[in-house]
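Values reported hereafter were calculated over all heavy atoms of this structure, with side chains retained and with hydrogens, waters and symmetry mates removed. Computed from a predicted structure; not experimentally measured. By convention in this document, chain letters (A, B, ...) are assigned in the order of the sequence lines, proteins followed by strands, and residues within each chain are numbered from 1.
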Amino acid sequence: MTGRYKAPRGTQDILPEDQPHWDFVREVAARISKAFGYEAIKTPVFEEASLFTRGVGEVTDIVQKEMYIFNDRSGLDLALRPEGTAPVCRAYLEHGMHNLPQPVRLWYWTPIFRYDRPQAGRYRQHHQFGAEAIGDSSAAVDVEVIELLWRLYEELGLTNLTLQLNSIGDGKCRPHYLEVLRDYYRDKLDRVCDDDRVRFEQNPLRLLDCKQERCQPIIAGAPPITDYLCDDCTAHFTELTALLEAADIPFTVNPRLVRGLDYYTRTVFEVIPPEEGAQSTIGGGGRYDGLIELLGGRPTPGVGFATGIERTILNLQRQGIAVPQRDRPRIYVAIQTPAARVPAFRLASDIRRAGISAVVSTGDRSLKAQMRHADALGATYVAILGENELAAKSATLRQLADGAQETVPLIDVASRVGRANAR
RNA sequence: GUGGGCGUAGCGUAGCGGUUAACGCGCCAGGUUGUGGCCCUGGAGAUCACGGGUUCAAAUCCCGUCGUCCACCCCA
(Lines give C-alpha, C1' and ligand atoms only; values in the text may rest on other atoms or scores of the structure.)
Protein backbone atom coordinates (compact mmCIF):
# COMPACT_ATOMS: atom_id res chain seq x y z
CA MET A 1 0.00 0.00 0.00
CA THR A 2 1.67 3.15 -1.17
CA GLY A 3 0.89 6.07 1.06
CA ARG A 4 0.36 9.67 0.15
CA TYR A 5 3.69 10.87 1.38
CA LYS A 6 7.14 10.47 -0.02
CA ALA A 7 10.48 11.50 1.41
CA PRO A 8 11.13 15.08 0.23
CA ARG A 9 13.05 15.56 -2.95
CA GLY A 10 16.72 14.81 -2.58
CA THR A 11 16.30 13.02 0.74
CA GLN A 12 16.22 9.31 1.39
CA ASP A 13 15.43 6.77 4.05
CA ILE A 14 18.38 4.79 5.29
CA LEU A 15 16.77 1.40 5.80
CA PRO A 16 17.76 -1.56 7.99
CA GLU A 17 19.28 -3.24 4.95
CA ASP A 18 21.49 -0.16 4.44
CA GLN A 19 22.74 -0.07 8.01
CA PRO A 20 25.62 -2.53 7.66
CA HIS A 21 27.39 -0.13 5.30
CA TRP A 22 26.65 2.84 7.52
CA ASP A 23 27.75 1.02 10.64
CA PHE A 24 30.93 -0.08 8.95
CA VAL A 25 31.97 3.40 7.83
CA ARG A 26 30.93 4.94 11.09
CA GLU A 27 32.85 2.39 13.14
CA VAL A 28 36.03 2.81 11.10
CA ALA A 29 35.74 6.61 11.17
CA ALA A 30 35.34 6.70 14.93
CA ARG A 31 38.16 4.24 15.50
CA ILE A 32 40.63 6.05 13.27
CA SER A 33 39.74 9.45 14.68
CA LYS A 34 40.47 8.07 18.11
CA ALA A 35 43.74 6.57 16.93
CA PHE A 36 44.84 10.03 15.77
CA GLY A 37 43.84 11.65 19.06
CA TYR A 38 40.70 13.33 17.75
CA GLU A 39 37.64 13.73 19.93
CA ALA A 40 34.04 13.86 18.79
CA ILE A 41 31.99 17.04 18.69
CA LYS A 42 28.35 17.55 17.83
CA THR A 43 27.00 20.95 16.93
CA PRO A 44 23.37 21.94 16.27
CA VAL A 45 21.78 21.05 12.98
CA PHE A 46 20.96 24.72 12.46
CA GLU A 47 22.95 27.87 13.13
CA GLU A 48 22.55 31.57 12.61
CA ALA A 49 22.55 31.96 8.85
CA SER A 50 25.23 34.63 8.92
CA LEU A 51 27.74 32.16 10.38
CA PHE A 52 27.77 30.59 6.94
CA THR A 53 27.29 33.63 4.75
CA ARG A 54 30.23 35.22 6.48
CA GLY A 55 32.33 32.13 7.09
CA VAL A 56 31.86 30.26 3.84
CA GLY A 57 31.74 33.38 1.72
CA GLU A 58 29.04 35.52 0.14
CA VAL A 59 29.85 34.64 -3.44
CA THR A 60 30.06 30.87 -3.00
CA ASP A 61 27.41 28.63 -4.51
CA ILE A 62 26.62 27.21 -1.10
CA VAL A 63 25.61 30.59 0.20
CA GLN A 64 24.13 32.04 -2.95
CA LYS A 65 21.83 29.21 -3.93
CA GLU A 66 22.09 26.15 -1.73
CA MET A 67 21.27 27.10 1.85
CA TYR A 68 18.09 26.06 3.58
CA ILE A 69 17.22 29.29 5.33
CA PHE A 70 14.25 29.91 7.59
CA ASN A 71 13.06 32.27 10.28
CA ASP A 72 12.11 30.90 13.64
CA ARG A 73 9.17 32.33 15.55
CA SER A 74 11.22 35.18 16.90
CA GLY A 75 12.29 36.14 13.40
CA LEU A 76 15.85 34.93 13.75
CA ASP A 77 17.59 34.05 10.49
CA LEU A 78 18.66 30.43 10.71
CA ALA A 79 20.16 27.97 8.26
CA LEU A 80 20.37 24.20 8.21
CA ARG A 81 24.05 23.33 8.28
CA PRO A 82 25.41 23.39 4.70
CA GLU A 83 28.95 22.44 5.75
CA GLY A 84 30.74 21.33 8.87
CA THR A 85 33.76 23.53 9.45
CA ALA A 86 32.20 26.88 10.35
CA PRO A 87 30.05 25.43 13.17
CA VAL A 88 33.05 23.67 14.68
CA CYS A 89 35.02 26.90 14.60
CA ARG A 90 32.09 28.71 16.19
CA ALA A 91 32.08 26.12 18.97
CA TYR A 92 35.85 26.49 19.37
CA LEU A 93 35.36 30.19 19.97
CA GLU A 94 32.23 29.92 22.08
CA HIS A 95 33.81 27.47 24.49
CA GLY A 96 37.20 29.14 24.73
CA MET A 97 39.01 26.17 23.31
CA HIS A 98 42.10 28.31 22.78
CA ASN A 99 42.71 27.55 26.45
CA LEU A 100 43.08 23.87 25.66
CA PRO A 101 46.33 22.35 24.43
CA GLN A 102 46.71 23.36 20.78
CA PRO A 103 45.85 22.21 18.26
CA VAL A 104 42.40 21.12 19.33
CA ARG A 105 41.60 17.96 17.43
CA LEU A 106 37.92 17.33 16.69
CA TRP A 107 35.87 15.05 14.50
CA TYR A 108 32.20 15.04 13.57
CA TRP A 109 29.60 12.93 11.80
CA THR A 110 26.60 14.92 10.77
CA PRO A 111 23.85 15.56 8.25
CA ILE A 112 24.49 18.34 5.76
CA PHE A 113 21.78 20.21 3.87
CA ARG A 114 22.15 21.79 0.47
CA TYR A 115 19.41 22.83 -1.89
CA ASP A 116 20.96 21.21 -4.94
CA ARG A 117 19.45 19.43 -7.90
CA PRO A 118 19.57 15.79 -6.80
CA GLN A 119 21.51 13.16 -8.69
CA ALA A 120 23.05 9.84 -7.79
CA GLY A 121 25.59 10.62 -5.09
CA ARG A 122 24.16 14.08 -4.61
CA TYR A 123 21.40 14.74 -2.13
CA ARG A 124 19.74 17.63 -0.39
CA GLN A 125 20.42 15.92 2.88
CA HIS A 126 23.60 13.96 2.99
CA HIS A 127 26.09 13.07 5.70
CA GLN A 128 29.69 13.99 6.22
CA PHE A 129 32.43 12.69 8.41
CA GLY A 130 34.99 15.39 9.04
CA ALA A 131 37.95 16.28 11.22
CA GLU A 132 39.40 19.65 12.18
CA ALA A 133 42.69 20.55 13.86
CA ILE A 134 42.47 24.08 15.15
CA GLY A 135 45.29 26.20 16.56
CA ASP A 136 48.41 25.01 14.77
CA SER A 137 49.72 26.40 11.50
CA SER A 138 52.45 23.88 10.81
CA ALA A 139 52.41 21.74 7.69
CA ALA A 140 52.70 18.66 9.90
CA VAL A 141 49.08 19.17 10.91
CA ASP A 142 47.97 19.36 7.29
CA VAL A 143 49.65 16.04 6.75
CA GLU A 144 48.03 14.66 9.87
CA VAL A 145 44.49 15.32 8.68
CA ILE A 146 45.27 14.12 5.18
CA GLU A 147 46.74 10.96 6.62
CA LEU A 148 43.65 10.47 8.78
CA LEU A 149 41.42 10.75 5.73
CA TRP A 150 43.66 8.50 3.70
CA ARG A 151 43.74 5.90 6.43
CA LEU A 152 39.95 5.92 6.57
CA TYR A 153 39.69 4.96 2.91
CA GLU A 154 42.48 2.46 3.31
CA GLU A 155 40.81 0.72 6.24
CA LEU A 156 37.50 0.71 4.40
CA GLY A 157 39.24 -1.14 1.60
CA LEU A 158 38.82 1.48 -1.12
CA THR A 159 41.50 1.31 -3.78
CA ASN A 160 42.68 3.36 -6.72
CA LEU A 161 41.87 6.67 -5.07
CA THR A 162 43.74 9.75 -6.14
CA LEU A 163 44.80 12.52 -3.80
CA GLN A 164 45.04 15.90 -5.49
CA LEU A 165 46.88 18.67 -3.77
CA ASN A 166 47.44 22.37 -4.25
CA SER A 167 48.30 25.54 -2.40
CA ILE A 168 46.19 28.59 -3.08
CA GLY A 169 48.35 30.99 -1.12
CA ASP A 170 47.35 33.32 1.69
CA GLY A 171 46.34 36.91 2.25
CA LYS A 172 49.80 38.10 1.33
CA CYS A 173 50.39 36.40 -1.99
CA ARG A 174 46.97 35.48 -3.33
CA PRO A 175 45.80 39.02 -4.11
CA HIS A 176 48.88 39.49 -6.24
CA TYR A 177 48.29 36.20 -8.03
CA LEU A 178 44.67 37.11 -8.68
CA GLU A 179 45.88 40.24 -10.45
CA VAL A 180 48.26 38.19 -12.54
CA LEU A 181 45.41 35.84 -13.36
CA ARG A 182 43.12 38.71 -14.27
CA ASP A 183 45.77 40.23 -16.48
CA TYR A 184 46.10 36.92 -18.25
CA TYR A 185 42.35 36.57 -18.79
CA ARG A 186 41.56 40.18 -19.61
CA ASP A 187 42.16 39.94 -23.34
CA LYS A 188 40.64 36.44 -23.56
CA LEU A 189 37.21 37.18 -22.11
CA ASP A 190 35.60 37.02 -25.54
CA ARG A 191 36.68 33.39 -25.81
CA VAL A 192 35.52 32.06 -22.40
CA CYS A 193 32.07 30.96 -21.22
CA ASP A 194 29.52 33.28 -19.64
CA ASP A 195 30.14 31.89 -16.16
CA ASP A 196 33.80 32.72 -16.47
CA ARG A 197 33.04 36.36 -17.18
CA VAL A 198 31.18 36.46 -13.86
CA ARG A 199 34.00 34.62 -12.14
CA PHE A 200 36.46 37.10 -13.58
CA GLU A 201 34.68 39.83 -11.63
CA GLN A 202 33.62 38.01 -8.49
CA ASN A 203 35.89 35.07 -7.82
CA PRO A 204 38.76 34.86 -10.30
CA LEU A 205 40.39 31.86 -8.65
CA ARG A 206 37.42 29.77 -9.75
CA LEU A 207 38.29 30.48 -13.36
CA LEU A 208 40.81 27.65 -13.01
CA ASP A 209 38.00 25.31 -12.00
CA CYS A 210 35.87 25.78 -15.13
CA LYS A 211 34.91 22.55 -16.88
CA GLN A 212 33.73 24.05 -20.17
CA GLU A 213 35.49 22.56 -23.16
CA ARG A 214 36.24 25.90 -24.75
CA CYS A 215 37.84 27.25 -21.57
CA GLN A 216 40.29 24.38 -21.16
CA PRO A 217 43.00 25.67 -23.51
CA ILE A 218 42.91 29.00 -21.73
CA ILE A 219 43.18 27.34 -18.33
CA ALA A 220 46.05 25.24 -19.61
CA GLY A 221 47.98 28.37 -20.48
CA ALA A 222 47.19 30.21 -17.24
CA PRO A 223 50.05 30.98 -14.90
CA PRO A 224 50.11 28.32 -12.13
CA ILE A 225 49.52 29.73 -8.68
CA THR A 226 52.36 27.69 -7.28
CA ASP A 227 54.75 30.01 -9.15
CA TYR A 228 53.39 33.03 -7.31
CA LEU A 229 53.31 31.89 -3.70
CA CYS A 230 55.10 34.02 -1.13
CA ASP A 231 58.09 32.57 0.69
CA ASP A 232 56.08 31.44 3.69
CA CYS A 233 53.47 29.69 1.57
CA THR A 234 56.13 28.08 -0.57
CA ALA A 235 57.95 26.81 2.50
CA HIS A 236 54.71 25.46 3.92
CA PHE A 237 53.89 23.67 0.69
CA THR A 238 57.39 22.27 0.34
CA GLU A 239 57.31 20.86 3.83
CA LEU A 240 53.85 19.48 3.26
CA THR A 241 54.85 17.51 0.18
CA ALA A 242 58.01 16.26 1.85
CA LEU A 243 56.05 14.98 4.84
CA LEU A 244 53.45 13.33 2.63
CA GLU A 245 56.20 11.49 0.85
CA ALA A 246 57.67 10.45 4.15
CA ALA A 247 54.24 9.17 5.20
CA ASP A 248 53.97 7.19 1.96
CA ILE A 249 50.82 8.93 0.89
CA PRO A 250 50.74 9.24 -2.90
CA PHE A 251 49.54 12.57 -4.24
CA THR A 252 49.36 14.61 -7.39
CA VAL A 253 49.95 18.34 -7.36
CA ASN A 254 47.20 19.99 -9.36
CA PRO A 255 47.89 23.73 -9.63
CA ARG A 256 44.34 24.22 -10.90
CA LEU A 257 42.65 22.60 -7.91
CA VAL A 258 40.40 25.22 -6.33
CA ARG A 259 37.73 24.63 -3.76
CA GLY A 260 34.26 26.11 -3.61
CA LEU A 261 34.50 27.67 -0.18
CA ASP A 262 36.17 31.00 0.38
CA TYR A 263 37.80 30.31 3.70
CA TYR A 264 40.62 28.17 2.39
CA THR A 265 44.23 29.33 2.57
CA ARG A 266 47.36 27.55 1.46
CA THR A 267 46.67 23.82 1.43
CA VAL A 268 43.66 22.44 -0.44
CA PHE A 269 43.08 18.80 -1.39
CA GLU A 270 40.53 16.44 -2.83
CA VAL A 271 40.23 12.68 -3.02
CA ILE A 272 38.81 11.27 -6.24
CA PRO A 273 37.76 7.68 -6.99
CA PRO A 274 38.60 5.88 -10.23
CA GLU A 275 35.07 5.95 -11.69
CA GLU A 276 34.11 8.75 -13.97
CA GLY A 277 31.14 10.89 -13.11
CA ALA A 278 30.16 14.36 -12.17
CA GLN A 279 29.92 13.72 -8.44
CA SER A 280 33.30 12.14 -8.28
CA THR A 281 34.93 13.80 -5.29
CA ILE A 282 34.42 11.72 -2.17
CA GLY A 283 36.41 13.83 0.23
CA GLY A 284 38.23 17.10 0.42
CA GLY A 285 39.47 19.84 2.65
CA GLY A 286 42.19 22.29 3.34
CA ARG A 287 43.64 24.92 5.59
CA TYR A 288 41.57 27.87 6.78
CA ASP A 289 43.86 30.19 8.66
CA GLY A 290 41.59 33.21 8.39
CA LEU A 291 38.27 31.70 9.34
CA ILE A 292 38.35 31.98 13.12
CA GLU A 293 39.36 35.61 12.95
CA LEU A 294 36.58 36.21 10.44
CA LEU A 295 34.15 34.77 12.98
CA GLY A 296 35.33 37.25 15.59
CA GLY A 297 38.17 35.39 17.28
CA ARG A 298 41.88 36.00 17.61
CA PRO A 299 43.80 34.99 14.48
CA THR A 300 43.86 31.19 14.74
CA PRO A 301 44.96 28.71 12.10
CA GLY A 302 43.04 25.56 11.29
CA VAL A 303 42.97 22.68 8.87
CA GLY A 304 40.49 19.90 8.21
CA PHE A 305 38.60 17.71 5.79
CA ALA A 306 35.15 16.31 5.19
CA THR A 307 34.11 13.19 3.34
CA GLY A 308 30.64 12.32 2.07
CA ILE A 309 29.27 9.14 3.61
CA GLU A 310 26.82 8.40 0.80
CA ARG A 311 29.53 8.73 -1.80
CA THR A 312 31.93 6.67 0.25
CA ILE A 313 29.33 3.90 0.52
CA LEU A 314 28.60 4.21 -3.20
CA ASN A 315 32.25 3.52 -3.88
CA LEU A 316 32.35 0.62 -1.41
CA GLN A 317 29.52 -0.94 -3.39
CA ARG A 318 31.06 -0.17 -6.76
CA GLN A 319 34.26 -1.83 -5.65
CA GLY A 320 32.34 -4.80 -4.28
CA ILE A 321 33.73 -4.45 -0.78
CA ALA A 322 32.06 -6.76 1.74
CA VAL A 323 30.95 -5.28 5.04
CA PRO A 324 29.97 -7.06 8.26
CA GLN A 325 26.51 -8.56 7.88
CA ARG A 326 23.52 -7.24 9.69
CA ASP A 327 22.55 -8.69 13.02
CA ARG A 328 20.20 -11.65 13.16
CA PRO A 329 18.41 -12.91 16.23
CA ARG A 330 20.40 -15.61 17.96
CA ILE A 331 17.29 -17.51 18.92
CA TYR A 332 13.61 -17.61 18.09
CA VAL A 333 11.26 -18.90 20.77
CA ALA A 334 8.31 -20.79 19.27
CA ILE A 335 5.27 -22.16 21.06
CA GLN A 336 3.21 -25.15 20.18
CA THR A 337 0.38 -24.48 22.62
CA PRO A 338 -1.13 -21.26 24.00
CA ALA A 339 -0.20 -22.54 27.44
CA ALA A 340 3.45 -22.00 26.52
CA ARG A 341 3.04 -18.29 25.88
CA VAL A 342 4.03 -17.14 29.37
CA PRO A 343 6.95 -19.55 29.77
CA ALA A 344 8.13 -18.54 26.30
CA PHE A 345 8.16 -14.90 27.30
CA ARG A 346 10.09 -15.72 30.43
CA LEU A 347 12.59 -17.77 28.50
CA ALA A 348 13.15 -14.99 25.93
CA SER A 349 13.50 -12.49 28.73
CA ASP A 350 16.14 -14.59 30.49
CA ILE A 351 18.07 -15.07 27.28
CA ARG A 352 18.13 -11.33 26.58
CA ARG A 353 19.28 -10.62 30.11
CA ALA A 354 22.22 -12.86 29.32
CA GLY A 355 23.05 -10.50 26.47
CA ILE A 356 21.81 -12.74 23.68
CA SER A 357 19.25 -11.56 21.14
CA ALA A 358 15.95 -13.39 21.20
CA VAL A 359 12.70 -13.00 19.30
CA VAL A 360 9.62 -14.59 20.77
CA SER A 361 6.67 -15.75 18.72
CA THR A 362 3.70 -13.40 18.82
CA GLY A 363 0.17 -13.93 17.61
CA ASP A 364 -1.05 -17.44 16.96
CA ARG A 365 0.74 -18.83 13.97
CA SER A 366 1.01 -22.55 13.54
CA LEU A 367 4.28 -24.07 14.62
CA LYS A 368 5.09 -24.59 10.97
CA ALA A 369 4.56 -20.92 10.29
CA GLN A 370 6.69 -20.00 13.28
CA MET A 371 9.50 -22.17 11.95
CA ARG A 372 9.25 -20.49 8.59
CA HIS A 373 9.27 -17.14 10.32
CA ALA A 374 12.35 -18.02 12.37
CA ASP A 375 14.13 -19.08 9.21
CA ALA A 376 13.17 -15.89 7.39
CA LEU A 377 14.52 -13.82 10.28
CA GLY A 378 17.80 -15.66 10.04
CA ALA A 379 17.75 -16.98 13.60
CA THR A 380 20.48 -19.44 14.51
CA TYR A 381 18.36 -21.45 16.94
CA VAL A 382 14.70 -22.11 17.56
CA ALA A 383 13.50 -23.07 21.02
CA ILE A 384 10.22 -24.94 20.82
CA LEU A 385 7.93 -24.98 23.85
CA GLY A 386 5.12 -27.51 23.65
CA GLU A 387 3.16 -29.54 26.15
CA ASN A 388 5.89 -32.12 26.60
CA GLU A 389 8.50 -29.45 27.18
CA LEU A 390 6.31 -27.59 29.66
CA ALA A 391 5.85 -30.76 31.64
CA ALA A 392 9.60 -31.32 31.69
CA LYS A 393 10.52 -27.65 32.25
CA SER A 394 12.66 -27.83 29.16
CA ALA A 395 12.76 -26.68 25.55
CA THR A 396 13.44 -28.43 22.30
CA LEU A 397 16.43 -26.56 20.92
CA ARG A 398 16.88 -26.78 17.18
CA GLN A 399 19.80 -25.45 15.20
CA LEU A 400 18.45 -24.17 11.92
CA ALA A 401 21.58 -24.62 9.86
CA ASP A 402 21.71 -28.43 10.17
CA GLY A 403 18.48 -29.32 11.93
CA ALA A 404 20.31 -30.79 14.93
CA GLN A 405 17.90 -30.93 17.82
CA GLU A 406 18.14 -31.63 21.54
CA THR A 407 16.13 -31.22 24.71
CA VAL A 408 17.55 -28.64 27.09
CA PRO A 409 16.28 -27.61 30.55
CA LEU A 410 14.84 -24.08 30.39
CA ILE A 411 17.41 -22.72 32.82
CA ASP A 412 20.24 -23.94 30.58
CA VAL A 413 18.99 -22.56 27.26
CA ALA A 414 20.70 -19.18 27.51
CA SER A 415 24.12 -20.61 28.29
CA ARG A 416 23.68 -23.38 25.74
CA VAL A 417 22.83 -20.89 23.00
CA GLY A 418 25.41 -18.34 24.09
CA ARG A 419 28.34 -20.72 23.66
CA ALA A 420 29.63 -22.22 20.41
CA ASN A 421 30.00 -20.01 17.37
CA ALA A 422 28.58 -16.98 19.12
CA ARG A 423 28.76 -14.12 16.68
C1' G B 1 18.88 27.08 -12.13
C1' U B 2 19.28 24.63 -17.65
C1' G B 3 18.69 20.32 -21.07
C1' G B 4 17.34 15.11 -21.83
C1' G B 5 15.60 9.76 -20.39
C1' C B 6 12.27 7.32 -17.16
C1' G B 7 7.78 6.76 -13.53
C1' U B 8 2.70 -0.19 -13.82
C1' A B 9 1.61 -4.21 -6.54
C1' G B 10 7.07 -3.75 -1.17
C1' C B 11 11.10 -4.90 -5.19
C1' G B 12 12.26 -6.27 -10.48
C1' U B 13 9.48 -6.34 -14.92
C1' A B 14 5.43 -7.48 -19.08
C1' G B 15 1.37 -5.07 -21.34
C1' C B 16 1.95 0.42 -25.28
C1' G B 17 -5.76 2.56 -27.73
C1' G B 18 -10.60 -1.94 -26.59
C1' U B 19 -13.91 -6.73 -21.78
C1' U B 20 -12.15 -8.69 -14.30
C1' A B 21 -3.88 -5.09 -15.72
C1' A B 22 0.07 -10.18 -16.16
C1' C B 23 4.75 -12.63 -14.40
C1' G B 24 8.99 -13.41 -11.00
C1' C B 25 10.79 -12.32 -6.04
C1' G B 26 8.92 -11.04 -1.35
C1' C B 27 4.62 -11.32 2.27
C1' C B 28 0.42 -14.43 4.57
C1' A B 29 -1.91 -19.27 4.76
C1' G B 30 -2.46 -24.50 3.63
C1' G B 31 -0.18 -29.45 1.70
C1' U B 32 -4.15 -34.27 8.04
C1' U B 33 -1.92 -36.15 13.48
C1' G B 34 4.05 -30.74 17.40
C1' U B 35 9.02 -28.47 13.26
C1' G B 36 11.98 -24.16 8.67
C1' G B 37 14.97 -24.11 4.10
C1' C B 38 13.15 -27.35 -1.86
C1' C B 39 8.43 -28.31 -4.21
C1' C B 40 2.94 -27.73 -4.88
C1' U B 41 -1.72 -24.95 -3.95
C1' G B 42 -4.34 -20.73 -2.42
C1' G B 43 -4.61 -15.60 -0.64
C1' A B 44 -3.62 -10.50 0.29
C1' G B 45 -1.47 -6.51 -2.20
C1' A B 46 -1.97 -1.61 -7.99
C1' U B 47 -6.85 5.07 -7.43
C1' C B 48 -1.23 1.72 -13.85
C1' A B 49 3.15 8.82 -9.91
C1' C B 50 -0.52 13.01 -9.70
C1' G B 51 -3.79 16.52 -12.43
C1' G B 52 -5.96 17.90 -16.98
C1' G B 53 -6.98 16.93 -22.26
C1' U B 54 -7.95 13.89 -27.01
C1' U B 55 -11.24 9.55 -28.01
C1' C B 56 -17.25 5.76 -28.22
C1' A B 57 -12.94 3.71 -25.36
C1' A B 58 -6.34 5.40 -22.28
C1' A B 59 -1.72 2.09 -18.12
C1' U B 60 -1.31 2.78 -23.40
C1' C B 61 -1.75 9.30 -27.30
C1' C B 62 -1.01 14.87 -25.81
C1' C B 63 0.00 18.79 -22.01
C1' G B 64 1.25 20.22 -17.03
C1' U B 65 3.00 19.01 -12.03
C1' C B 66 5.85 16.02 -8.86
C1' G B 67 9.59 12.34 -8.30
C1' U B 68 13.85 9.80 -10.10
C1' C B 69 18.13 9.06 -13.27
C1' C B 70 21.83 11.32 -16.70
C1' A B 71 24.47 15.66 -18.42
C1' C B 72 25.54 20.90 -17.25
C1' C B 73 26.42 23.70 -12.80
C1' C B 74 28.36 22.78 -8.12
C1' C B 75 30.20 19.86 -4.57
C1' A B 76 30.68 15.49 -0.29
When the [atom1] atoms of [N] and [M] are considered, how many whole Å apart are they?
N: B/C38; M: B/A44; atom1: P; result: 23 Å
N: B/C25; M: B/G17; atom1: P; result: 29 Å
N: B/A21; M: B/A46; atom1: C1'; result: 9 Å
N: B/U60; M: B/G18; atom1: P; result: 11 Å
N: B/A59; M: B/G53; atom1: P; result: 15 Å
N: B/G4; M: B/G10; atom1: P; result: 31 Å
N: B/G36; M: B/A58; atom1: P; result: 50 Å
N: B/A9; M: B/C27; atom1: C1'; result: 12 Å

### Query
Which residue pairs pass the salt bridge (Lys or Arg N to Asp or Glu O under 4.0 Å) test when at least one of the two sits in residues 131-142 of chain A, sequence neighbours left out?
A/D142-A/R287
Going by purine N1 to pyrimidine N3 plus the second Watson-Crick contact, or the G-U wobble pair, all under 3.5 Å, which nucleotide sits opposite [N]?
N: B/U54; answer: none
N: B/A46; answer: none
N: B/G10; answer: B/C25
N: B/G3; answer: B/C70
N: B/U20; answer: none

## Note on the structure
Residue pairs passing the ring-ring contact (aromatic ring centres under 6.0 Å, His included) test with at least one member in residues 121-145 of chain A, sequence neighbours excluded, are A/W22-A/H127, A/W107-A/F129, A/F129-A/F305
### Message
Show every ring-ring contact (aromatic ring centres under 6.0 Å, His included) that has at least one partner inside residues 316-350 of chain A, sequence neighbours left out.
### Response
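Residue pairs passing ring-ring contact (aromatic ring centres under 6.0 Å, His included), neighbours aside: A/Y332-A/H373.
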Tabulate atom names and distances for all N/O pairs under 3.5 angstrom spanning the protein and nucleotides 27-29 of chain B.
{"residue": "B/C28", "atom": "OP1", "partner": "A/R365", "partner atom": "NH2", "Å": "3.0"}
{"residue": "B/A29", "atom": "OP1", "partner": "A/R365", "partner atom": "NE", "Å": "3.4"}

Give one of base, sugar-phosphate or nothing for [X], where a contact means two heavy atoms less than 4.0 Å apart.
X: A/G403; value: base
X: A/A379; value: nothing
X: A/Q125; value: nothing
X: A/R114; value: base

### Message
Just to verify, what does A/E27 make a salt bridge (Lys or Arg N to Asp or Glu O under 4.0 Å) with, not counting sequence neighbours?
### Response
A/R31
How many whole angstroms separate atom [atom1] of [X] from atom [atom2] of [N]?
X: A/K65; N: B/C73; atom1: NZ; atom2: P; value: 10 Å
X: A/Q370; N: B/U35; atom1: CD; atom2: C1'; value: 10 Å
X: A/Q164; N: B/C75; atom1: CD; atom2: P; value: 14 Å
X: A/Q216; N: B/C72; atom1: CD; atom2: P; value: 12 Å
X: A/Y264; N: B/C75; atom1: OH; atom2: P; value: 10 Å
X: A/E310; N: B/A76; atom1: CD; atom2: P; value: 13 Å

#### Entry: Where at least one partner belongs to residues 402-411 of chain A, residue pairs that pass side chain to side chain donor-acceptor pair (under 3.5 Å), sequence neighbours excluded
A/R398-A/Q405, A/E406-A/R416
Using distance only, find each side-chain donor-acceptor pair of residues 34-44 of chain A under 3.5 Å and give its atom names and separation, not counting sequence neighbours.
{"residue": "A/Y38", "atom": "OH", "partner": "A/E144", "partner atom": "OE2", "Å": "2.5"}
{"residue": "A/T43", "atom": "OG1", "partner": "A/R81", "partner atom": "NH1", "Å": "2.7"}

### Query
Do A/R26 and A/D23 meet the salt-bridge criterion of a basic N to acidic O distance under 4.0 Å?
no
### Message
One thing to verify: whether A/R197 and A/E201 come together as a salt bridge, which I'm taking to mean a side-chain N less than 4.0 angstrom from a carboxylate O.
### Response
no
### Summary
Assign each of A/P118 and A/V258 the nucleotide of RNA chain B bearing its closest heavy atom; nearer the 5' end lies the nucleotide of A/P118
### Query
Start at the 5' end of RNA chain B and walk down; is the nucleotide closest to A/Q128 or to A/G386 reached first?
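Between the two, 5'-proximity favours A/G386.
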### Message
What does the B/S/- profile of nucleotides 1-7 of chain B look like, 5' to 3', with a 4.0 Å heavy-atom cutoff to protein?
### Response
BBB----
Counting distance alone, no hydrogens or angles: does the base of [N] have a donor or acceptor under 3.5 Å from a partner atom on the side chain of [X]?
X: A/D375; N: B/G37; value: no
X: A/E389; N: B/G34; value: yes
X: A/Q405; N: B/U35; value: yes

What side-chain donor-acceptor pairs closer than 3.5 Å can you find for residues 161-170 of chain A, not counting sequence neighbours?
{"residue": "A/Q164", "atom": "OE1", "partner": "A/N254", "partner atom": "ND2", "Å": "2.7"}
{"residue": "A/N166", "atom": "ND2", "partner": "A/N254", "partner atom": "O", "Å": "3.4"}
{"residue": "A/N166", "atom": "ND2", "partner": "A/P255", "partner atom": "O", "Å": "3.2"}
{"residue": "A/N166", "atom": "ND2", "partner": "A/L257", "partner atom": "O", "Å": "3.0"}
{"residue": "A/S167", "atom": "OG", "partner": "A/G169", "partner atom": "N", "Å": "3.4"}
{"residue": "A/D170", "atom": "OD1", "partner": "A/K172", "partner atom": "N", "Å": "2.9"}
{"residue": "A/D170", "atom": "OD1", "partner": "A/C173", "partner atom": "N", "Å": "3.2"}

### Message
Side chain of A/R311 only, heavy atoms from C-beta on: which candidate in B/C73, B/A76, B/G36 is closest?
### Response
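Taking heavy atoms from C-beta onward, the closest nucleotide is B/A76.
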### Query
In terms of side-chain heavy atoms of A/Q119, which of B/U35, B/A76, B/A71 is nearest?
B/A71
Result block: side-chain N/O donor-acceptor pairs under 3.5 angstrom for residues 45-59 of chain A, not counting sequence neighbours:
{"residue": "A/E47", "atom": "OE1", "partner": "A/R90", "partner atom": "NH1", "Å": "2.9"}
{"residue": "A/E47", "atom": "OE2", "partner": "A/R90", "partner atom": "NH1", "Å": "2.4"}
{"residue": "A/T53", "atom": "OG1", "partner": "A/S50", "partner atom": "O", "Å": "3.2"}

### Message
Quick one, A/T159 and A/Q319 - any side-chain contact, counting heavy atoms below 4.5 Å?
### Response
yes
### Query
Where along residues 8-32 of chain A does a heavy atom come under 4.0 Å from RNA chain B, residue by residue in number order?
A/R9, A/G10
Show which side-chain atoms of residues 220-229 of chain A pair as donor or acceptor with protein atoms under 3.5 Å away, not counting sequence neighbours.
none

### Message
Apply side-chain contact (heavy atoms from CB on, under 4.5 Å) to residues A/I112 and A/Q125 and explain how you reach the verdict.
### Response
CA-CA 6 Å; A/I112 299 284; A/Q125 175 178 345; over 6 Å; no
### Message
Give me the atom names and distance for the closest heavy-atom approach of A/L261 to A/I62.
### Response
CD1-CD1, 3.8 Å
